[in-house]
Structure formats: C-alpha cells, structure tokens
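All ligand and atom numbering here is 1-based and tracks the order in the structure. We count residues from 1, following the sequence as given.
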Amino acid sequence: MKLTTSLSLVKGIGPKMSNALDTAGFHTVEDLLTFLPRRYEDFSGATNIADLEPGNVVIKATCESINTRIVRRGMRVTTAVLSDNSGKVKAVWFNQPYRETQLKSGESFLFSGKFSLQYNQYQLTSPSVEQVSDNAVVDTDTIVPVYRQIKDIKTSSLRKALKQLKPLMEFVPETLPQTLISRQKLVSRSEALLALHFPKDKNDIDLGRERLAFEELFEMILAAQYNKQANAKLTGWKIPFDLPTIKKFVGALPFKLTNAQRRAAWQILQDFEHEHPMNRLLQGDVGSGKTVVAGLAALQVAQSGLQTAIMAPTEILATQHAETISALLEPFGVRVAVFTSSVKGKARKTLLEQLEQGNIDVIIGTHALIQRTVTYHKLGFVVIDEQHRFGVKQRQALLEKSPRMPHVLTMTATPIPRSLALTLYGELDISLLDELPPGRQPITTKIWSPASAPKLYATIEQELSRGHQAYVICPLIDENPDNDKKSVETEYHVLKKFFPGRSIGLMHGKLKSDEKQAVMDDFTNGKLSILLSTTVIEVGVNVPNATVMLIQNADHFGLSQLHQLRGRVGRGSDKSYCYLMLSSHNKPSARLREIESSQDGFYLAEADLRLRGPGEIYGHSQHGALNLQIATLADTKLIARAQKEAVLFLQSEEDLAKYKHLAETVEHYQRLTTLN
Ligand code: ADP
Ligand code: MG
C-alpha cells in the first residue's frame, strides 16, 4: 500500500464507506491521512464513581437504565443511571434523546462532564460520551480525536481505517524547506499528522498543530507576497475623480456620510485615478454602511463610461442591493440592472445584449454574473460583497471578463484586526468603516432558557402587536432525531400554536430561488409577521420594521455568526431585541455572555478567539474571509514567525518550483485573491 493507493483498496474500508469518502473528496490514502480531527475529547484521568468530587470529571461506566421524559413542550430530559465497580451515578441530558439508543447497547463508555449538586442530588450534567470499544482502536483511551462527520460513516470505522493506515504516516512527504523547519524548530509534516491522529498527550497535539498552522500561514503569506509582485505589473483602467458629481451625489443622500465612509470613499476614488488596478478590502461591521460607499464608487465608474459588476452571495441580497443601488444611482442617469438565475428567456437575452453593448452601467447579481454567456462591454469595477461566500473559480471567472484588469473592492462584515489583515492579505489595501451611522439604538440582547419559552413568545407577541415583525432562526431545516438542534419544520408548529392568527413565512436553503424571493417580498412588505428561517438570512437582509430576533440553539453558533444574524434587526429607528435561546437549561457559556453584553463586531471576533476552548481547534473555517483551516487569528506569534520566514524565502535564491506541494498550495492561495 502506498499514499496514492485508492481508499477502496484499503482493508476495512468497504464499498459503502469508500463511496461516501469518495463523494466527500477523499480518494487516496494520503487524502485520509491529511483529514484532520476537528477537536479532541479528553477522557484522561478517569475516576471511580465512588471517588467523584464536584467539578469536571471523567468516568468509565456502563449504563444500567435510561429513559426520556417530555417535561415541557419541546423539552426532553434523558436520565440514566451509570455504574462501575465502585458505585452508581445519575446522568442527565437535555434534548438529546439519541443518548438512549447509544447507551442501551450495554457497552462500556467513557463519560466526561460536570459533576455537581442539582436539586439536592449529585449528578453528571450533559456529559460527552465515548464508546470504549470505538476508542480502543486508537492507542490511547485518554485523548480522543473527533472528526467531522462524513455522511453516515461511523466514527469507529473511520478510526479503524486510520489505524490501518498508521504505518504509512511516515511516508507523508515533507513540504517545507528543511532549513526553515530547523530554524523554526518545527516537527516534520509526517510527525505532525501522526501526533494529531494518535496523540499520546496534549503536547503532541500542540506540536502537530503548531507545525501545520505554521505551514498554512506561511503559504498564505507567501501567496499574498507573490500576488503583490504580480499585481504591480498589471495595468488597469484610469478613472478620473469627478468632484462635482461626487458632491452632488453626497448632497442628495438622505443622510450625512460618516467620517469613516468619507475616508473609505476617498481612498477608493484615489485608487481609481491610478493606472494600477485597485485591490481593496472594505471592512465594516454590520450596518456600517458599506453599500453606499460601493454605490458612490460605481457612480464614478459609470461617469467614465465603464461598467460595474456587483456580486452578492444570494439572490435575495442581490435583489436588495439592486433596489438600494438603483435608488442611489438612477437619479444620476446611471442604468442599473439586476441579473439572477430567475431572469429567464427573452428578458435574459435582452439584458445580456444590453450589457454587451454597454447600455447597462451597473449590473448586480449572484454567480449568474460570471456565467460564460455573460459578456461585458467594458468592465471597469468589480464589487464582491461578503467575499468568502464565493469560491476561487467563481472569482477568477469574473475577473477574466475584462480586457484590462478591473478595480476590485471586496466588502466584508467579518472584521479582522488591521495588523493581521495587513500581514495575511499582504497584497490588499484596507479601508475600515470603524463607526456606525449616528442614532443607532443598541439592540437589547438577552439569553433565555428553554423553560421560559412561553414567556418569551409572549414577549415577542407584544412587539408584533405594535406592528413590528420578527425573525426566528433555527439551525436545521428538517427534524433530526440525532441531535438537540431545532428545525424550522418543528418550530413552525410551535409558532403556529403560540402565535395564532399571525402569518408566518418559512425560509431555508431548500426553497427554489423564486420561492425564497416571494417569501422575502412578503416579509419586506409586511404581509408576514414572522419569518422563520435557517441562517440563509444571515447576511445583508434589510427589513427595518423587523425589530425582534429569536435565535434557537444559540449555543450552537459562533460569536461572529450570532453577531451577523443579530445585525438583521436594529436597522430602523425603533428599539430592537435579540433573544438567544439555549439548547438546554445548562448555564450559558462565556461566549454567549459576551454577545449579550457587546455589539462591537471587532471586539466579538477577538472574544471568540480568546474563548475558543482548547478542544475546538480544527476544521472551523472560523474566519470566512480568511479561509484559515488550522491556524487561528489568535496565533499572533506564529503569524509573525511565518511572515519572517516568508520574507526570508523571497529574499533567498530558493526556487518555489522545487517544492511541489508548497508551490501548488501557494498557487491555490494566490488564486483566492489574485487579480489576474
Ligand atoms: P452594511 O455595511 O451592513 O452592508 P448597509 O450598507 O446595508 O450596511 O447600511 C445599513 C443601513 O444604514 C442602510 O439602511 C443604509 O441606508 C443606512 N446608512 C448607511 N450610511 C448611513 C449614514 N451615514 N447615516 C445614516 N444611515 C446610513
Ligand atoms: Mg451589506
């Protein structure tokens, strides 16, 4: 067996599993070896039940009895009696009925969780569970890697397969220059992977992770530097700064631009005057007013006879942007059009012709904007809203639609600290909207426990009876009995009962785009009181009359995502509320406490990193705009080290092509942000 051997030929991987792996993008042995654990469960230091002391504990036990009761509407409590040779203990889970099936098997399990006094009795509350026999296939029964779920592949099968492949681990080739590795005192790539799949202790995980995070950062910084060099050679469109028009535009706005908006707009217009194509990132928290900045820039572009393409991640957003942008620009004679996949047939044909002939100045759409069939007359400016929603190829395709390099503005509401952005995005210039328009009322944010759901619904009803509207967000579309997350399907029935007579709209990713648009229109026009949605509603949606948001299973979302969701309310002049519903009546985490007390996206992004548990390290593309898989923004020291090495590498006579894998990855990162 070799690294290139197909997984279907590996003993212990049956046809069903190899198919599932294949669909998920794992074809060869090497693919699986480089599939990193998402986090670890620490089951070290197991104690006898008889010796348990209050606090975080680990026990190895079997389940004597288990049952689930429904205590209140929507609240299922599973109680088990666990035992080992020394004694018994009660364990309780909330809304995790699948524990019953899992534990009834009579096997021996490891439990890790909090042991404390609840209602006059000591119990284990919501412990995590690991089947001992699943776990016996790894060398240790202490620190257990947890992988991202691939289809319905059992964790135990995945671990068995990896165990099989363990001897091949040492053949995983080195990707970084040897001199760099010794200078930075890193472990080799194969040592790192071995340590991460089969950690002996926490130190193993740290060393493995350090190595791979370093590699990721090094590649990313190197790519940015190469891009910078390449960009310096490109010629773009020179767009003159037409002060009277800009003044007229600013004067006609129903509000005064914030200083931050002025500064950003000015920076963009300055860039336009250079022959060099702009490559700028506009970072601004939700509601900071990025759209008007883009609109102003598009006006200047139209004025010089060039076209602007504005790309949004969803049709709903594209449509909404189109409304905003046409209201802003049409008074100035700018021809604005919206192009999504719902524009079909004759309308589509006409639109494309007009675009090609230059009869459209600004076109707003989704991915549809980069289909092969779309030809531009003179594409001078590309705006990408929430860049991380676009794949590499899509971005590339858009940029290939112009004979000269268009100016590019990328807008993001996921802020990263400026110093880090400068390093990691070396080739991008950055504008920051660091102030919100005046007069925004803070959104009152409050954590609720499931027990108080009826009271919360009554509170929401009060807001509705004032003529306002509400969002209710659930993590899932359909009910999944295997976990405690709520779905829009089940929540719909609950809402029907609590809000009789109120019209409720359903929104989720499985709807067709015209269906989504219809629901959105009804909500925008006030025909719907409640919009029940998955997180598809996350970015950009703007309905100022919606003043309440309820987020179910709030503990399952990251801080930045909660902040983005919350940004859908508080968009008008009325007081707004965001209610975070816990999955169980466990105490809210420190993370949720942070979002309750802060509205500052930058602060929350940092708090998210600070509070991230040591177990939660991998696979979180936690910072969308960055696509970091292993490293995090909290790795400031590692980032500095990687930057130093990137500079050394560029200065040295090293030939990138000599390092095949490195060259490929760097090229991949280059394509993420490059202009050509
Ligand atoms: P985001 O940065 O989240 O994309 P938007 O561009 O959607 O924010 O703007 C949010 C809201 O703020 C919009 O309704 C917009 O009209 C309004 N807005 C933008 N700039 C200002 C300003 N300077 N003063 C008052 N309201 C503004
Ligand atoms: Mg926006």
Identify which of Val292, Val293, Thr291 has a heavy atom lying nearest to atom 5 (P) of ligand 1.
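Shortest heavy-atom distance from atom 5 (P) of ligand 1: Thr291.
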Out of Arg571, Arg440, Gln261, who is nearest to atom 17 (C) of ligand 1 when you count heavy atoms only?
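It is Arg440 whose heavy atom sits nearest to atom 17 (C) of ligand 1.
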Side chains of [X] and [Y], donor plus acceptor under 3.5 Å:
| X | Y | value |
| --- | --- | --- |
| Ser288 | Glu435 | no |
| Thr547 | Glu463 | yes |
| Asn545 | Gln469 | yes |
| Asp285 | His563 | yes |
| Gln462 | Thr459 | no |

Atoms in ligand 1 with a heavy atom of [X] nearer than 4.0 Å:
| X | value |
| --- | --- |
| Asn542 | 14 (O) |
| Thr258 | 23 (N) |
| Val286 | 3 (O) |
| Lys256 | 22 (C), 23 (N), 24 (N) |
| Leu257 | 23 (N) |

For ligand 1, find out whether one of its N or O atoms is nearer than 3.5 Å to an N or O atom of Gly289.
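It does: an N or O of Gly289 is found under 3.5 Å from an N or O of ligand 1.
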Side chain or backbone, does Pro437 bring an N or O within less than 3.5 Å of an N or O on ligand 1?
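Pro437 vs ligand 1: no N/O contact under 3.5 Å.
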Yes or no: does Ser288 have any heavy atom under 4.0 Å from an atom of ligand 1?
yes
Aromatic ring centroids of Tyr457 and Phe499 under 6.0 Å?
yes
Between Tyr471 and Phe523, what is the ring plane arrangement, given parallel below 30°, perpendicular above 60°, and tilted in between?
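Tilted.
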